[in-house]
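Reading through the structure tokens given below for one structure.
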Amino acid sequence: MDLERRNEELEELYLLEGCFPEAEKLKQENRLLSQWKHYIECDGSPDPSVAQEINTFISLWKEETNETFEEVIAKSKLVLYLIEKLKSILLETPPYDLQDKNITQYQESILELQELLHLKFNIATEILLRHASTLADLDSGNMEKVIQDENVTLYVWANLKKNPRYRSVRFSETKTRFELPRILATSDIALRLLHTHYDHVTPPFPVRGLLREPTSTESHFAEGEVNVVETVIPEDFEEEHKQQENESISVHEEEIKVEEQVDTEVRMSSAQEESKATKCDLEMKLLSETVSAAQLLLIENTSEKLYFFEDDEVDTCQFTMLGGVYHLDILELPPQCKPVKGWMIMEILKEGLQKYIYPPGTTEDFETENAFPPVEVMLEVHENVIFFENPMVARWDAEGRHWKTDGISNVSYKSGERLITFSLETFGPLTLIQDTHINMPYQSWELRPLDVNKVLLTVITVFTEIQIQIKEDLCMLASIKLNNKKHPSVLEGKWMNPISFIIALKEAGLNIFPTGHSHFYVVINHKVPLVEMKACRQMALLSSAFAFGWSRWNAHCDSQKVVLKVMEHLAKEEPIQNPDWTLLMFSGDRAQRLKIDEYSEMFSEALKEETEFHSTLYHMVKDFASKEAMEKIRSAKCQFINSVCHMLLSIRLLSYS
């Protein structure tokens, strides 16, 4: 392949890949537009990114007292929205658009909102328990109440009768139950299970954006170039303009003056346009570099583990907390309100709601060693979460600030009924965990165009088949199959931006998104990150008219090359019939068609007859593409190409298949 053609191909590719910085620029504009829309809506809700507004909201809510549980749940919807909004800002905004003080402010606001929300739930629980005697069940004499919402479920039981025969606590119309030891059944206690469908317990990982800031050298260069262009031109123009004013006013000279003035204005206008064009080119060039750096970060592997975990401590890099958090507490029953001559007399304790310590710190006063047996617990598993294997149970260690698996035994899971039972020695927040990488490595994958600016990405793992639709700058879960049967999901049909979509899939247990340390837990087909990034960018460019697929030969070539299947596909919304795949090999700077096919006996890098090498996948495919296919590729929107690329890089199909 001659040098001249190589340079031409790389130059054309560079122009085509201008869609990536263009898409990032549109994101910046959309962020500004979103802020403006919130400002003009004036709906009364605070802008969480404005410190004064969010601090005022928090202060005013702290002043509100005697809120019932239902009132707190209603307010919690706004609080959860504000928390998610702040998390989205941190995840989606690149660092050069965020100052360190803003990042700190947003993180502190998130923590303060989370803590205040949980405090409000505790206060509302105390208010509810003060009236336990008025809500007592006629049969058992004890109080039992369930309050359900889309984000929270509360189970409360108050032991008013302290009858040792009532040791089984069952909540009506639910399958949640507890088997209490005799000592608890005769104590003045209340049992509360607050199931939050979100996790505000696990410390969040740093959520700094992935796009790096331009280096000081780049910034200085860009500013210097722009300043020179902007300042020199007006000075030249002023000098010429002064000279023209001092010329004599003869008819002939006046004509010359007018001609010169017009000529100067043309030159000035042209120079200003060049100035703007130069400035714009520099901005786009710097933005292109930051976008490329961000994409590369998505697929880079860490060289060593960042954390070391104790024996019973949950490795949060290896396991994912799913289904929210079960805050299970034994509480001291507060003094009950009493009716006196038409009045309700209520004693309010200054210290508020108090936890009942079980087992107590000292057990010297008790005769037998087994005076404090574990509590038998049965919980309902959140219906929107998929467990591919039996989940494990973990408890929160408040002192060490991590999840642990000790103190939990006899775990049993009924997948059909979605019930998990276990014995629990100590109380506090509980969660269910699953292997983060249970669906890795993937068995195969396929990327297929459906229409203009719309594709279908299929990923097949040992347990499931996941289909994702990508349309312009949005993603949607199209379908899930478990054991070759379609499995319903609340995420189906919901369009989201790529980052929100990835988070939603992870929270549903459908994690097909490796992190920088995933290679420590999964046997992968390692590929050089730069080669993988270039391949994904060019696949995204071609995805409007070409289908791509997994090839078994990708595991046989070395780490500096990738092998994949490709074929033109222009039929709208139709699956590929009688596929005629072509095998391509790409090393980042050279692409070729392979002589072998998917069913050959041995791998060979031999070039297919009557074909030639190219510098890019784009130009390799262009050799056998139809005119209609190339027109579709050129008409694709930059947001669509960027979204496809982001999804390919996030799933890492070329390394984890």
- Say whether, by atom type as modelled, one donor and one acceptor occur between the side chain of Tyr442 and the main chain of Ile651 under 3.5 angstrom. yes
- Query: Side chain of Thr68, backbone of Glu71: donor and acceptor closer than 3.5 Å?
  - Reply: yes
- Message: Counting neighbours of CD1 on Ile40 that are heavy atoms of other residues, nucleotides or ligands and sit closer than 6.0 Å, is the number greater than 12?
- Response: yes
- Note on the structure: Taking every heavy atom of Phe171 against every heavy atom of Trp157, the minimum-distance pair comes out as CZ-CB, 4.0 Å
- Short N-O contact, Lys355 and Glu332, less than 4.0 angstrom: no
- Task: Not counting sequence neighbours, which residues clear side-chain hydrogen bond (donor to acceptor under 3.5 Å, both in side chains) with Tyr521? List them please.
- Result: Asp315
- Message: Looking at Arg192 and Leu154, would you say the former's side chain and the latter's main chain have a donor-acceptor pair under 3.5 Å?
- Response: no
- Does the pair Glu112/Lys62 count as a salt bridge with the N-to-O cut at 4.0 Å? yes
- Message: Check whether Thr186 reaches the backbone of Lys162 with its side chain - one donor and one acceptor, N or O, closer than 3.5 Å.
- Response: no
- Message: Using a strict threshold of under 4.0 Å (side-chain N to carboxylate O), is an ion pair present between Lys404 and Asp312?
- Response: no
- Task: Keeping the roles fixed (side chain from Asn390, backbone from Tyr413), state whether a donor-acceptor pair exists under 3.5 Å.
- Result: no
- Does a salt bridge link Lys75 with Glu64, judged by any charged N lying under 4.0 Å from a carboxylate O? yes
- Message: Treating Asn159 as the side-chain partner and Asp188 as the backbone partner, does any N or O pair qualify as donor plus acceptor under 3.5 Å?
- Response: no
- Check: Asn55 side chain, Ala51 main-chain N or O, donor-acceptor pair, under 3.5 Å: yes
- Message: In this structure, is the centre-to-centre distance between the rings of His197 and His195 below 6.0 Å?
- Response: yes
- Could you give me the CA-CA distance, side-chain angles and deciding distance for Ile83 and Tyr198, then say whether side chain to side chain contact (heavy atoms under 4.5 Å, CB included) is met? CA-CA 11 Å; Ile83 291 171; Tyr198 48 82; over 6 Å; no
- For the pair Phe388 and Phe463, name the ring-plane relationship: parallel under 30°, tilted 30 to 60°, perpendicular over 60°. tilted
- Message: Tell me whether the count of non-hydrogen atoms from other residues, nucleotides or ligands lying under 6.0 Å of NZ in Lys120 goes above 12.
- Response: yes
- Query: Is a salt bridge present between Asp406 and Arg395, judged by a nitrogen-to-oxygen distance below 4.0 Å?
  - Reply: yes
- Tell me, please, which residues at least two apart from Lys161 pass salt bridge (charged side-chain N to carboxylate O under 4.0 Å, His left out). none
- Query: Any idea which heavy atoms bring Asn122 and Leu353 closest together, and the distance?
  - Reply: O-CD2, 3.6 Å
- Task: Report yes if the distance between the aromatic ring centroids of His118 and His200 is under 6.0 Å, otherwise no.
- Result: no
- Query: Between Arg177 and Glu179, is there a side-chain N and carboxylate O pair less than 4.0 Å apart?
  - Reply: yes
- Note on the structure: For Val325 and Pro429 the tightest heavy-atom approach is CG1-CB, 3.8 Å
- Minimal non-hydrogen separation, Gly509 against Asn439, with atom names: O-ND2, 4.4 Å
- May I ask you to check whether Thr436 and Asn511 show a side-chain donor-acceptor distance below 3.5 Å? no
- Message: Are there over 12 heavy-atom neighbours, none belonging to Lys77, within less than 6.0 Å of that residue's NZ?
- Response: yes
- Message: Could you report the tightest heavy-atom contact between Ser76 and Phe121, atom names first, then the distance?
- Response: CB-CZ, 4.3 Å
- Task: Mind listing the closest non-hydrogen atom pair of Ser49 and Leu86 along with its distance?
- Result: N-CD2, 4.2 Å
